[in-house]
There are 2 protein chains.
Amino acid sequence: MTSSFEVVAEPSRRAILGLLVSSERSVGEIERALRLSQPAVSKHLRVLRDAGFVEARVEAQHRVYRLRPEPLMELDQWLAPFRAYWSKHVDALERHLDAMKQKAKTSPSKPRKKKR
Amino acid sequence: MTSSFEVVAEPSRRAILGLLVSSERSVGEIERALRLSQPAVSKHLRVLRDAGFVEARVEAQHRVYRLRPEPLMELDQWLAPFRAYWSKHVDALERHLDAMKQKAKTSPSKPRKKKR
DNA sequence: TTAGTATATACCTGTCAAGACATATAACAT
DNA sequence: ATGTTATATGTCTTGACAGGTATATACTAA
């Protein structure tokens, strides 16, 4: 479990990060929100902590977890050269943005334009 | 191997994507660049293809692989809310950027400049 | 045809991680 | 002290997956 990439590869961990982006939470709150067992949540939090994605504060008998930006920034930086790449491929970019618009409207799925 | 996140969790696959961002390559070129066995490369390319990260073109007896932007864009979109988050935590942002500067220069540590 | 090159797939094996369950630790209440 | 709540950790099992070797497929060259 060395890299930040492996850490966010796990869906439950992404869900935890998604929860924490809006506000900090205790273990129990995360457990109830994600309907995971308590040990499962604690283990994921351990992984996230070790990788620097979150940090905990002790508050009475609770541990309140909050997000730390650095590892996510690292992921963002890895993506940077690819952003530069796809800015040169405007056609693909536009197809993608169109697909996004479709989703936003919750309209039925549309076949993608075949290329070449 | 459902999600794009799992696909890029694998270091060799990230290396392949890193190669393809500069230019398209054949399987053999990738194999030699990464010093992996040919079957290993083909398997990673299969995963990348199935997930939409790359596509192949047949050219004589070679298959030339090139990048496709969409799945990487999806990763980028997942990061969007976190970018918004850390833009509100400027101190951490600055510590991170300073660390990056250190790395770039590989020079001895320097006092941090206060900003704004 | 045959041989040679380039790539893909089958099969096997070792490793690693996620989840379940049980148990330990810690803080608080009485 | 005992009990109760909140969280962490240990153990075990199961399944996934990465890499290796061997083999299959596809195309080229003669």
Side-chain angles (χ1 to χ4, degrees), chain A residues 1-20 23-68 71 74-75 78 116, chain B residues 1-20 23-68 71 75 78:
Chain A
M1 194 69 49
T2 323
S3 83
S4 302
F5 295 89
E6 295 166 74
V7 172
V8 299
E10 220 291 322
S12 299
R13 286 196 288 265
R14 286 202 302 283
I16 291 175
L17 295 173
L19 282 177
L20 295 184
S23 82
E24 43 179 42
R25 323 242 176 175
S26 72
V27 179
E29 289 171 332
I30 296 171
E31 179 191 346
R32 287 184 292 275
L34 301 190
R35 324 196 108 227
L36 281 175
S37 75
Q38 178 270 313
V41 172
S42 279
K43 278 189 211 170
H44 284 309
L45 286 171
R46 173 82 138 109
V47 173
L48 289 167
R49 233 186 312 128
D50 289 350
F53 282 85
V54 301
E55 60 190 351
R57 169 181 101 239
V58 177
E59 185 166 294
Q61 59 289 54
H62 297 248
R63 314 257 164 129
V64 181
Y65 281 82
R66 66 167 164 278
L67 221 51
R68 276 169 42 88
E74 183 190 321
L75 300 185
W78 182 79
R116 271 272 80 231
Chain B
M1 196 68 50
T2 322
S3 85
S4 302
F5 296 90
E6 295 166 74
V7 171
V8 299
E10 219 293 320
S12 299
R13 286 196 288 265
R14 286 202 303 281
I16 291 175
L17 295 175
L19 281 177
L20 295 183
S23 82
E24 43 177 44
R25 322 243 177 173
S26 72
V27 179
E29 289 171 331
I30 296 170
E31 178 190 345
R32 288 184 290 277
L34 302 190
R35 325 196 106 229
L36 280 176
S37 74
Q38 177 268 314
V41 172
S42 279
K43 280 190 221 170
H44 285 309
L45 287 171
R46 174 83 139 110
V47 173
L48 289 167
R49 234 186 311 125
D50 289 350
F53 282 85
V54 302
E55 61 190 350
R57 168 180 100 239
V58 177
E59 186 167 295
Q61 59 287 53
H62 297 250
R63 314 258 164 129
V64 181
Y65 280 82
R66 68 167 163 278
L67 221 52
R68 275 169 42 88
L75 300 185
W78 182 79

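In what follows, chains are A, B, ... by sequence order, proteins preceding strands, each numbered from 1.
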Student: Please compare B/Ser12 and A/Val27 by the position of their nearest nucleotide in DNA chain D and report the one closer to 5'.
Tutor: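 Counting from the 5' end, the first nearest nucleotide belongs to A/Val27.
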Student: With rounding to the nearest 0.5 Å, note down the distance linking CZ in A/Arg49 to CD in A/Glu55.
Tutor: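 Rounded to the nearest 0.5 Å, the CZ-CD separation comes to 11.0 Å.
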Student: Where along residues 30-46 of chain A does a heavy atom fall under 4.0 Å from DNA chain C?
Tutor: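 Output list: A/Ser37, A/Pro39, A/Lys43, A/His44.
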Student: Residues in side chain to side chain contact (heavy atoms under 4.5 Å, CB included) with B/Glu29, at least two apart?
Tutor: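 Testing B/Glu29 for side chain to side chain contact (heavy atoms under 4.5 Å, CB included), a comparison that skips the adjacent residues, returns B/Arg25, B/Ser26, B/Arg32.
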Student: Verify side chain to side chain contact (heavy atoms under 4.5 Å, CB included) between A/Leu19 and A/Tyr65, making sure each step is shown before the conclusion.
Tutor: CA-CA 10 Å; A/Leu19 282 177; A/Tyr65 281 82; over 6 Å; no
Student: Return the minimal non-hydrogen interatomic distance between B/Val7 and B/Ala51, and the atom names on each side.
Tutor: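 Shortest heavy-atom contact: CG2-CB, 3.7 Å.
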Student: List, with names and distances, any nitrogen or oxygen atoms from the protein found under 3.5 Å away from nitrogen or oxygen atoms belonging to nucleotides 26-30 of chain C.
Tutor:
none

Student: Please list, chain by chain and in numerical order, all residues satisfying side chain to side chain contact (heavy atoms under 4.5 Å, CB included) with A/Ser4, sequence neighbours excluded.
Tutor: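 Residues passing side chain to side chain contact (heavy atoms under 4.5 Å, CB included) with A/Ser4: A/Phe53, A/Pro71, A/Glu74, A/Leu75.
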Student: Looking at every non-hydrogen atom in both residues, tell me the closest pair between B/Glu31 and B/Leu36 and how far apart they are.
Tutor: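 Heavy atoms only, the tightest pair is CG-O, 3.2 Å.
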Student: Okay, side chain of A/Arg68, backbone of A/Gly52: is any donor-acceptor separation there less than 3.5 Å?
Tutor: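 Looks like yes, one N/O pair under 3.5 Å.
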Student: Run the side chain to side chain contact (heavy atoms under 4.5 Å, CB included) test on A/Leu20 and A/Leu48 for me, step by step, so that the C-alpha distance in whole Å, both residues' side-chain angles and the decisive distance to 0.1 Å come before the verdict.
Tutor: CA-CA 12 Å; A/Leu20 295 184; A/Leu48 289 167; 5.9 Å; no
Student: Filter on salt bridge (charged side-chain N to carboxylate O under 4.0 Å, His left out), then keep only pairs touching residues 3-16 of chain B, sequence neighbours left out; what's left?
Tutor: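 Non-adjacent pairs meeting salt bridge (charged side-chain N to carboxylate O under 4.0 Å, His left out): zero.
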Student: Check each of B/His44, B/Arg46, B/Gln38 against B/Ser42 using the side-chain hydrogen bond (donor to acceptor under 3.5 Å, both in side chains) test, and report the only one that passes.
Tutor: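 Only one of B/His44, B/Arg46, B/Gln38 forms a side-chain hydrogen bond (donor to acceptor under 3.5 Å, both in side chains) with B/Ser42, namely B/Gln38.
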Student: On DNA chain D, reading 5' to 3', which nucleotide is the first and which the last to sit with an atom under 4.0 Å from a heavy atom of chain B, could you check?
Tutor: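 Using the under 4.0 Å cut-off, the span is D/dC17 to D/dT28.
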